[in-house]
2 protein chains.
Amino acid sequence: MARNPISIEVLETLDAIERRGSFAKAAEELNKATSAISYAVQKLEEQLGISLFQRLGRRSVLTPAGRLILAEGREILQTTRRLADKAKEVATGWEPRISIGIESLQSYVDFFQVISAFLLEFPTVEIDISECVLNGGWEALEQGRVDLLVGAPGPVPSLKGYRAVVIERGELVPVIAANHALAKQLDNKQNTERLLAQLRRIVIHDTSFSGITRSEGLSSDGQMFYVQNMDQKIHAILAGIGIGNIPKHRIQGYLDKGILLPLGIQQKGGVESFLAWKINNKGKGLKVITDRFIALQSSK
Amino acid sequence: MARNPISIEVLETLDAIERRGSFAKAAEELNKATSAISYAVQKLEEQLGISLFQRLGRRSVLTPAGRLILAEGREILQTTRRLADKAKEVATGWEPRISIGIESLQSYVDFFQVISAFLLEFPTVEIDISECVLNGGWEALEQGRVDLLVGAPGPVPSLKGYRAVVIERGELVPVIAANHALAKQLDNKQNTERLLAQLRRIVIHDTSFSGITRSEGLSSDGQMFYVQNMDQKIHAILAGIGIGNIPKHRIQGYLDKGILLPLGIQQKGGVESFLAWKINNKGKGLKVITDRFIALQSSK
DNA sequence: CCCCATTGTTCTAATAATTAGAACATATTA
DNA sequence: TAATATGTTCTAATTATTAGAACAATGGGG
């Protein structure tokens, strides 16, 4: 009697409903009929004896209880998915998926070479790339959301069981949009230094949820404009909102066409950049990738 | 495609198999035929592409991957069961979690008694305690980061919809060691207020209550030093580690000899500390806690 | 203000999944 | 060796899930 009414499937259904905004859209995403969704929700509501959606006409809004199940349900979903992956890894030694977080300031051209070769050789391993920012990357590693960090900024958190290797950051170019109001006045060094203080800095804000946040900005004077990722930063600069450092390879096209202009200022060394993973991660795929990338770095 | 092959049901099946020692016994427990168990396990193994049991004749032993799924699966089962419980309670007005902010310079014996009894009685409600410093608590309450403030300093912000009750306490004196590095600079009010943020706070951490999670401090810069009882707290302050409030009678000797110095700040009699929450918070758990606390106070 | 597309529910039939029961092979134990 | 228990496989039956159509309610656009 009274068995657990919550199933993985219905949690996936709730997740889809919330993400897509309606039963119908969720049904489409899950390749089901709307009625199937409707019945699934009804069944759960009936078995729990509570309502999860407040029906307001054709639109449904989650009740507090519904929100709770959705929020915790998503964690459960993630846990089970990871569990399936981990089990496969234990059985075969090979992880079915490797999640890689790349620091937004990091140039990843070389790294993608390694990944490309790896995928040719081991096509069954999925690679999941995400962009992360400053301490958000370390946090993701700690929580197991990523297996490998590329270009994470030092210092390396100690006593957490991480293995970290210094890698090249890649070339960062401070740029301004050619159509920026002050762009024409930046023709010589003297002017540049004088105007620099007046230019707004586009800064990527830390994505760290808990823990200490920090920002990448170097100097603290002048105005800041905060964005959440490198794409937004590039677009903010293109729109003439301000200036900022960008990995050269990501804006080569704009530089060639003269849409973005490099600022003739000296770049400070900045913090070191690390390749990092957990020591207790024994995945064979991870080992291949890190070994090869380190070899490539040191051969330069 | 490739959906998650792990279901709640199959986890329950695995759990029963391991607990009862055989497919047949598990089938009995789950009111199913043995063949149903057999098929369920086969299906999971097939979908994961790995084997979970090593068939040794009629007896089956879990493989390492099987053990992993069993172990983590049990946690998932517990989580979903609790989630179902919590959802039901949320639907009836009980909040799944109550976040409590505690002003950390003091310890609140009476309050923790109430909490302790509450947890025993309502184990599905999570209590999350975080520490806050000075007015940071009011801000946290306003922003909804905490539901209840304990020991918040007056005055109570008006017109914000707060309900506040004075917490009775003995005569507490905020003190610092005379030989503390910064003690000499605390001669006037201005200096004191400025330096206050830099002084480490000695906090009694009531670790006797399991089931209470503790968040990181709400103030990021205020350092904390945790001890387990009042004796340790006094000695930590004597050692110059930081500051804290101490009942006057316990340190009268030190005060007389000038070994400990009272901090000439805040609570000069008139400033009381409060238990406070939002009036529009209708959570039943919160109501129980506050009602009981008030009853306990007035019975004295 | 009205029309029309969209949404969610309900119904029924169909499809897919799970399950029981019997037969059987194998292993354990007395 | 006999007796018992176990897990697998087969088939059939039961159950659960799903699709599709009909419908009512809703809200946005013209």
Side-chain angles (χ1 to χ4, degrees), chain A residues 1-63 65-67 69-70 73 80, chain B residues 1-63 65-67 69-70 73 80:
Chain A
M1 43 129 236
R3 259 228 281 337
N4 194 339
I6 295 181
S7 71
I8 299 295
E9 267 226 86
V10 82
L11 290 180
E12 268 167 349
T13 305
L14 288 182
D15 173 56
I17 292 171
E18 202 272 348
R19 273 188 294 102
R20 308 303 305 273
S22 75
F23 284 28
K25 296 270 178 58
E28 192 185 1
E29 174 175 312
L30 299 172
N31 296 314
K32 293 184 177 179
T34 316
S35 56
I37 306 294
S38 182
Y39 278 118
V41 172
Q42 276 177 42
K43 184 185 153 200
L44 179 59
E45 288 183 320
E46 192 180 331
Q47 294 191 327
L48 283 174
I50 63 180
S51 66
L52 304 177
F53 290 93
Q54 198 165 7
R55 270 75 171 182
L56 300 171
R58 80 183 194 192
R59 189 148 297 274
S60 297
V61 182
L62 281 165
T63 62
R67 276 198 298 277
I69 292 193
L70 178 68
T80 55
Chain B
M1 44 158 246
R3 260 224 283 338
N4 195 338
I6 296 181
S7 71
I8 301 293
E9 268 227 82
V10 83
L11 291 179
E12 269 167 348
T13 306
L14 289 181
D15 173 55
I17 293 172
E18 201 273 347
R19 272 188 296 102
R20 309 303 305 273
S22 75
F23 284 26
K25 296 270 178 58
E28 191 185 1
E29 173 174 314
L30 299 172
N31 295 314
K32 294 184 177 178
T34 317
S35 57
I37 306 294
S38 182
Y39 277 118
V41 172
Q42 275 177 43
K43 185 186 152 200
L44 179 60
E45 288 183 319
E46 193 180 330
Q47 292 191 325
L48 283 173
I50 63 181
S51 66
L52 304 177
F53 290 94
Q54 199 164 6
R55 269 76 172 181
L56 300 170
R58 83 181 193 192
R59 190 146 296 273
S60 296
V61 181
L62 280 166
T63 62
R67 276 198 298 277
I69 291 192
L70 178 67
T80 55

Dump the pairs, protein N or O against N or O of nucleotides 20-22 of chain D, anything under 3.5 Å, distances to one decimal.
{"unit_1": "D:dG20", "atom_1": "O6", "unit_2": "A:S35", "atom_2": "OG", "d": "3.2"}

Fill in the blank from the handout: Those residues at least two apart in sequence (or on a different chain) that pass side-chain hydrogen bond (donor to acceptor under 3.5 Å, both in side chains) with A:Q47 are none
Problem - A:R55 side-chain N/O to C:dG8 phosphate OP1/OP2 under 4.0 Å - result: no
Please produce a list of atom pairs where a protein N or O lies less than 3.5 Å from an N or O of nucleotides 3-6 of chain C.
{"unit_1": "C:dT6", "atom_1": "O2", "unit_2": "A:R58", "atom_2": "NH1", "d": "3.1"}

Handout entry: Side-chain heavy atoms of B:V10 within contact of B:V41, under 4.5 Å
Key = no
Completion exercise
Across all chains, not counting sequence neighbours, the side-chain hydrogen bond (donor to acceptor under 3.5 Å, both in side chains) partners of B:T13 are none
Exercise for the section: Please collect all salt bridge (Lys or Arg N to Asp or Glu O under 4.0 Å) contacts where either partner lies in residues 39-52 of chain A, sequence neighbours excluded, each pair once. Expected result: A:E45-A:R55
Handout entry: With sequence neighbours excluded, residues passing salt bridge (charged side-chain N to carboxylate O under 4.0 Å, His left out) with B:E12
Key = A:R3, B:R81
Problem - Within residues 42-54 of chain B: residues closer than 4.0 Å to DNA chain D (heavy atoms) - result: B:Q42
Problem - Sub-4.5 Å side-chain heavy-atom contact between B:L11 and B:T80 - result: no
Exercise for the section: Quick one: which residue pairs count as a ring pair (Phe, Tyr, Trp, His ring centres under 6.0 Å) with a foot in residues 33-61 of chain A, not counting sequence neighbours? Expected result: A:F23-A:F53
Problem - With B:R20 via salt bridge (charged side-chain N to carboxylate O under 4.0 Å, His left out) - residues at least two apart - result: B:E29
Practice task
Ignoring backbone atoms, test whether B:S38 places a side-chain nitrogen or oxygen under 4.0 Å from the OP1 or OP2 oxygen of D:dT8.
Solution key: yes
Fill in the blank from the handout: Across all chains, not counting sequence neighbours, the side-chain hydrogen bond (donor to acceptor under 3.5 Å, both in side chains) partners of B:S38 are B:Q42
Fill in the blank from the handout: Across all chains, not counting sequence neighbours, the side chain to side chain contact (heavy atoms under 4.5 Å, CB included) partners of A:E28 are A:K25
Handout entry: Terminal helix-axis angle for the helix from C:dC1-D:dG30 to C:dA30-D:dT1, with five pairs defining each axis and rounding to 10 degrees
Key = 30°
